[in-house]
Amino acid sequence: KHLTLLPLGVGLALLGSCTATSSSGDGASDTTASSGQVTILGVIVSEQEEKLRAALAPFEEETGIEVVYEGTDAFATLLPVRVAGGNPPDIAMFPQPGLMADFARDGDLLPLSTFLGEDALQTAYDPYWLELGTFDGESYGLWYRASVKSLVWYRPQAFADAGYEVPTTWDEAIALSDRIVVDGGVPWCMGIESGSATGWPGTDWIEDIMLRTAGAETYDGWVANEVPFNAPEVKAAFEQFGDIARNEDYVVGGSIGVISTPFGDSPQGLFTDPPQCYMHRQANFIASFFPEGVDLEAEIDIFPLPPIDEALGTPILVAGDAFAAFNDTPEVRQLMEYLATARPHEIWAGLGGYISPHAEVSADVYIDDLTRKQAAILAEADTLRFDGSDMMPGAVGTGSFWTGVTDYIGGSSLDTVLDDIQASWPN
């Protein structure tokens, strides 16, 4: 299905003759008059919000439909209130598939088949992205923004000065870490402090290790609580993470430093002279926390977190945002069709600070080599899996998992930590 962008006058004339629908609270929609606008609720704010607006601007100009975007840092709290009150946005931009699934199961969301043919979706997205937005056989999530998490940041000049080479296997990464220690340095920058969300960077490490040791099938079972937290595979992943995070020689400030250092400050040690640390595992967004004036093209580079079991290849942990529709109106249909094309993705990619999951977005549209490399790592991944904690129930994924990782780094018994996380899983 292709989006036809109409001239302003024609588009408004057609829309004026249409009827539309809006959510009634007990299903996806009932009939109301067309409004000539689409409302979106999402988590994007500040500079990134301006880029989103730029990506939507051609749609507004060519259709005459006004897109009213509301960005909030209280999305997960505000959206359920709006829906329960019978006032959902036309479209929501979900950062968590689990929350999107809750609304889909309750019958609040419209299947993408309302707007798009299956062929268009399969052309635009890797099957895993489609699977993430599919519940009970229907696709609901139209993925718009991707975060590549399994990245290790380093300064090529610092490596060259010390005679270090980029590791391509986990064993090589550990051997490099040991060599850095012998040379009097610290291999890893790490900080997990994040206010009430303290611990989340550690969960990403463990998820990456689970994918590299237990494989995607076991990872999926763990996320669904079919493999419990106190299972041997999960315990082994925690221990392998602990070999780094609880090793006083491997991390800046030791384990206390890991717990007390804000995650955004933790990569600062890469840029000191001499370096306080040489490697930092974090998602692509961490570049926005680098010191002012850092030349991302000349001073910093990345490599994927190396494989552990080479039979499992190099899996890539991802996060992302997906559009899903609550209301079926002519305006919503046109906007969802537009969002499924490569055009808005390419506009945002050309503005920087963004990676698209859309398969038809050319690498040429990204504004620098570093972002192109990140996009290539995403496109060439042997396996993709979404951030596990974002897929788990909130009591676990944004609760006991975060606190459990923090307690473990601080010296708590791993068996006790894992038993406590498992006990917190909702019945």
Side-chain angles (χ1 to χ4, degrees), residues 2-8 38 40 42-71 91 93-95 116 120-121 123-126 129 141-151 153 282-290 292-302 304 316 318-323 334-381 384:
H2 299 287
L3 170 63
T4 302
L5 296 176
L6 302 172
L8 174 60
V38 181
I40 301 176
V43 297
I44 293 174
V45 296
S46 303
E47 178 186 357
Q48 291 300 314
E49 179 177 336
E50 294 306 310
K51 295 175 181 178
L52 170 61
R53 292 182 184 278
L56 296 173
F59 172 81
E60 293 183 292
E61 294 167 0
E62 296 174 27
T63 65
I65 297 170
E66 179 188 15
V67 180
V68 180
Y69 175 77
E70 179 184 355
I91 296 171
M93 194 175 189
F94 286 91
L116 301 163
L121 288 173
T123 299
Y125 294 98
D126 178 279
W129 287 109
L142 192 64
W143 292 93
Y144 190 67
R145 185 172 65 158
S147 176
V148 183
K149 292 203 160 195
S150 307
L151 302 177
W153 299 79
Q282 189 51 274
N284 56 286
F285 72 81
I286 199 63
S288 63
F289 291 88
F290 290 166
E292 187 176 352
V294 168
D295 186 338
L296 295 179
E297 288 287 276
E299 297 183 52
I300 198 77
D301 204 350
I302 53 172
I316 297 298
V318 298
D321 301 291
F323 287 114
Q334 288 194 66
L335 181 54
M336 291 294 282
E337 289 178 356
Y338 173 72
L339 292 171
T341 70
R343 187 177 182 188
H345 299 250
E346 290 176 343
I347 292 171
W348 198 345
L351 296 172
Y354 167 84
I355 296 174
S356 173
H358 199 292
E360 295 181 317
V361 172
S362 169
D364 295 338
V365 301
Y366 294 105
I367 62 174
D368 56 68
D369 288 338
L370 190 62
T371 307
R372 280 189 283 273
K373 180 179 281 191
Q374 295 165 10
I377 289 172
L378 176 67
E380 297 166 7
L384 290 177

Closest heavy-atom pair and its distance - Pro58, Arg343:
CB-NH2, 3.5 Å
Do you know which two heavy atoms are closest between Ala146 and Pro357, and how far apart they sit?
N-CD, 3.9 Å
Check whether any side-chain heavy atom of Thr63 lies under 4.5 Å from a side-chain heavy atom of Leu335, and answer yes or no.
no
Check against side-chain contact (heavy atoms from CB on, under 4.5 Å), Gln282 and Leu151:
CA-CA 6 Å; Gln282 189 51 274; Leu151 302 177; over 6 Å; no
Considering all heavy atoms of both residues, which atom of Tyr125 and which atom of Leu339 are nearest to each other, and what is their separation?
OH-O, 4.4 Å
Does Trp348 use its side chain to pair, donor to acceptor, with the backbone of Tyr354 at less than 3.5 Å?
no
Could you walk me through whether Leu370 and Glu297 pass the side-chain contact (heavy atoms from CB on, under 4.5 Å) check?
CA-CA 7 Å; Leu370 190 62; Glu297 288 287 276; 4.2 Å; yes
Do Lys149 side-chain atoms and Ala319 backbone N/O form a donor-acceptor pair below 3.5 Å?
no
Check Pro344 against Ala55 and note the closest heavy-atom contact, atom names and distance.
O-CB, 3.5 Å
Is there a side-chain contact between Ile44 and Lys51, using heavy atoms and a 4.5 Å cut-off?
no
Quickly, which of Phe94, Tyr338, Tyr144 forms a ring pair (Phe, Tyr, Trp, His ring centres under 6.0 Å) with Phe323? Name it, please.
Tyr144
Determine the minimum heavy-atom distance between Val67 and Glu60, stating which atoms define it.
N-OE2, 2.8 Å
Contact list for residues 367-379, test salt bridge (charged side-chain N to carboxylate O under 4.0 Å, His left out), sequence neighbours left out:
Asp301-Lys373, Asp369-Arg372
Mind checking what makes side-chain hydrogen bond (donor to acceptor under 3.5 Å, both in side chains) contact with Glu360, not counting sequence neighbours?
none
About how many Å separate CD1 of Ile300 and CZ of Phe290, when rounded to the nearest 0.5 Å?
4.5 Å
Would you say Asp321's side chain and Met93's backbone share a donor-acceptor pair under 3.5 angstrom?
no
Does the side-chain contact (heavy atoms from CB on, under 4.5 Å) test come out yes or no for Ser147 and Asn284, once each step is laid out?
CA-CA 6 Å; Ser147 176; Asn284 56 286; 3.4 Å; yes
Could you work out, with side-chain hydrogen bond (donor to acceptor under 3.5 Å, both in side chains) as the rule, every residue matching Glu50, not counting sequence neighbours?
none
Check: Trp129 main-chain N/O paired with Trp143 side-chain donor or acceptor under 3.5 Å:
yes
Verdict with reasoning, Ile377 to Ile316, per side-chain contact (heavy atoms from CB on, under 4.5 Å):
CA-CA 8 Å; Ile377 289 172; Ile316 297 298; 3.6 Å; yes
Side-chain contact, heavy-atom cut-off 4.5 Å: Leu56 with Ile347?
no
Glu299 side-chain N/O to Asp295 backbone N/O, donor-acceptor pair under 3.5 Å
yes
Less than 4.5 Å apart, any side-chain heavy atom of Leu384 and any of Leu378?
yes
Do you know the tightest heavy-atom contact between Val361 and Ser356?
CG2-OG, 3.6 Å
If you define the side chain from C-beta out and look only at heavy atoms, does anything of Ile40 sit under 4.5 Å from Glu70?
no
With side chains defined as the heavy atoms from C-beta onward, is the minimum distance between Glu337 and Leu116 less than 4.5 Å?
yes
Between CZ on residue Phe285 and CD on residue Gln48, distance to nearest 0.5 Å
12.5 Å
